[in-house]
Participant: 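My questions will all concern the structure given below.
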2 protein chains.
Amino acid sequence: MPGPIQSLSRAAAILRLLAGGERRLGLSEVATALDLAKGTAHGILRTLQQEGFVEQDAESGKYQLGAELLRLGQSYLDVHELRARALVWADDLARASGETVYLGVLHQRGVLIVHHVFRPDDTRQVLEVGSMQPLHSTALGKVLLAYDPVARGELGEEPLEAYTLRTLTDPADVDAECALIRERGWSDSVEETWEGVASIGALIQDRRRNPVGAVCISGAVETVCEDGFVKPSLVASVRSAARAISRDLGAGRF
Amino acid sequence: MPGPIQSLSRAAAILRLLAGGERRLGLSEVATALDLAKGTAHGILRTLQQEGFVEQDAESGKYQLGAELLRLGQSYLDVHELRARALVWADDLARASGETVYLGVLHQRGVLIVHHVFRPDDTRQVLEVGSMQPLHSTALGKVLLAYDPVARGELGEEPLEAYTLRTLTDPADVDAECALIRERGWSDSVEETWEGVASIGALIQDRRRNPVGAVCISGAVETVCEDGFVKPSLVASVRSAARAISRDLGAGRF
DNA sequence: CTCTTGCGGTCGACATTGTCGACCGTCTGT
DNA sequence: ACAGACGGTCGACAATGTCGACCGCAAGAG
């Protein structure tokens, strides 16, 4: 039976739809958006609601995502082997560099943040675990693009979105950059996604050298860069953290 | 068609099963655990995998939860109205009290943490958003039990699990405690779940007085209590935060 | 080295199951 | 009071998911 289960695919589409739109959606909105009969959409929504994946606002009757998703998302993190092994190294990296540390994995057309260590100062920061970053304009994304053919495949050949003046928007330019990244073994991104923010990334691989994720540090251009380039000492810290995590991951299997 | 969609319920059961067990599960394990034919279980797993809800370990063939769940869980938080409105108040409460602040909602048989503000000192703390706390032994849980009939229903009449010597295990005792909580308008829990930890909770309600969640502060017995009782000044802070959030929530609708 | 055992995965027949579109009651805004 | 749109229900139909036997493979036992 090598075909997806229809009702499940539809349910997933509904969940993604609800996740996409900021506001709650009504039954009819859902049905028309996905081109389903109202009855069908209702059946799926009712089941999802029973299971806790979707909640219905009591008075408006509109639907939104449910709490069970949060719980399952947390469970995902609990089981995640890469994350578990990287926790302590990420902490050390943040302390050594004085910058924010992100740990990400390839997911669909972006990088999903699975761990986030706050910059060790007292400024207010919001946790970004569970959010996505673009592939072509971040240190995490570019290092994955450079080493993971699947990531490169997701990118396509169309012109890419520009977030700042320095964003690479031509896939050919990105490929050239990736060649450089492979050559020197690390990636950087200076104001390619957010003005004033620079980051340095390195690849994490399992014991068979398959790319499984990436670490990066991210901070203000003023602290991460020097004379227009990222500081070599920070590069060294990131690469050594990535190596440590990779080693840890390889050892873990046996 | 007032019946749940079979394949969806089964998919949800599989996800919960994967979330429950710490380790990855094989196809046959899943099938036997849920009493499904292997082919059926495979079909569901294949679809879930395609949608990103489940991932398969390349070499062992075993299944675990997928990254899409983390993303959707995050989206749930983004849309969550209670959480959005409570963010700033929770921050204030943490600063004023010097203790950890939790924000929780009723979910199944427990309290799901939807927001967590770290104690404002520099000790290492792990984020508990997405995790669950028991109903009968925490400040968050007991205040929900006291005001939300649904929560009380979930509790049942069976003896409850004891986490410490001070845990209330007899539902009748819990009911008596709830009466007290309703009378004075706040809940506390001193070493009922974790040794050395005390917390104070208060109810959050929408504009029609429906209970929608709870806030609490939680900290070491030594700092939260005085002469064997929780400090009245902290109680006042928590209650005033809960009122503020409730008011905010009510005002938001129009 | 071969045989056995268990694994993940596939296949095709069957009938259960989800789907569809018309229909109902209600609420809202006109 | 009306019209429209909403969420939700119903029952007929057939498309759909389910089942259990089967396949190839890898690991472990003999």
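The figures that follow rest on heavy atoms only: side chains count, while hydrogens, waters and symmetry mates do not. Every chain is numbered from 1, with letters handed out A, B, ... down the list of sequences.
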Participant: Evaluate the ring pair (Phe, Tyr, Trp, His ring centres under 6.0 Å) criterion for residues B:His136 and B:Tyr163: first the C-alpha distance (whole Å), next the side-chain angles of each, then the deciding distance (0.1 Å), finally the verdict.
Facilitator: CA-CA 10 Å; B:His136 65 284; B:Tyr163 305 104; 5.6 Å; yes
Participant: Tell me the closest heavy-atom pair linking B:Gln133 and B:Glu128, and the distance in Å.
Facilitator: NE2-OE1, 4.3 Å
Participant: Under 4.0 Å between a side-chain N/O of A:Tyr63 and OP1 or OP2 of D:dG8, yes or no?
Facilitator: yes
Participant: Please list, in numerical order, the residues of residues 7-17 of chain A that have a heavy atom closer than 4.0 Å to any atom of DNA chain C.
Facilitator: A:Ser7, A:Arg10
Participant: Rounded to whole Å, please give me the gap between CG in B:Leu34 and C1' in D:dT18.
Facilitator: 15 Å
Participant: If you count every heavy atom of other residues, nucleotides or ligands that lies below 6.0 Å from A:Asp35 atom CG, does the total exceed 12?
Facilitator: no
Participant: Does atom CZ (A:Arg109) have a neighbourhood of more than 12 heavy atoms from anything else shown, all under 6.0 Å?
Facilitator: no
Participant: Reading DNA chain D from 5' onward, which residue's closest nucleotide shows up sooner: B:Leu36 or A:Gln56?
Facilitator: A:Gln56
Participant: Over all heavy atoms of both residues, which pair between B:Leu112 and A:Ala67 is shortest? Give the atoms and the distance, please.
Facilitator: CD2-CB, 3.4 Å
Participant: Verify the neighbour count for atom CH2 of A:Trp186: are there more than 12 heavy atoms of other residues, nucleotides or ligands below 6.0 Å?
Facilitator: yes
Participant: Please evaluate the base of C:dG9 for a donor-acceptor partner in the side chain of B:Lys38 within a cut-off of under 3.5 Å?
Facilitator: yes
Participant: Between D:dG8, C:dG9, D:dT18, spot the one nearest the side chain of A:Leu27, thanks.
Facilitator: D:dG8
Participant: Do the charged groups of A:Arg152 and A:Glu157 touch, with an N to O distance under 4.0 Å?
Facilitator: yes
Participant: From C-beta outward on B:Arg46, which listed nucleotide comes closest to its side chain: C:dC7, D:dG7, C:dT10?
Facilitator: C:dT10
Participant: Rounded off to whole Å, could you give me the NZ-to-C1' distance for the B:Lys62 and D:dA27 pair?
Facilitator: 13 Å
Participant: Would you indicate whether B:Arg182, at its atom CZ, is surrounded by more than 12 heavy atoms from other residues, nucleotides or ligands within a distance under 6.0 Å?
Facilitator: yes
Participant: Please name the pair of heavy atoms, one in B:Gln64 and one in A:Val79, separated by the smallest distance, quoted to 0.1 Å.
Facilitator: OE1-CG1, 3.9 Å
Participant: Of the options D:dG8, C:dG9, C:dG21, whose atoms approach the side-chain atoms of A:His42 most closely?
Facilitator: D:dG8
Participant: Are OP1 or OP2 of D:dC19 and a side-chain N or O of B:Thr40 less than 4.0 angstrom apart?
Facilitator: yes
Participant: Among the candidates C:dT19, D:dT18, D:dG8, find the nucleotide nearest to the side-chain atoms of B:Gln6.
Facilitator: D:dT18
Participant: Once you build an axis from the first five pairs and another from the last five of the helix from C:dC1-D:dG30 to C:dA15-D:dT16, how far apart in angle are they, to 10 degrees?
Facilitator: 0°
Participant: Rounding to a whole Å, what distance do you find between A:Leu45:CG and D:dC6:P?
Facilitator: 15 Å
Participant: B:Ile5 CD1 to D:dA15 P: how many Å, rounded?
Facilitator: 18 Å
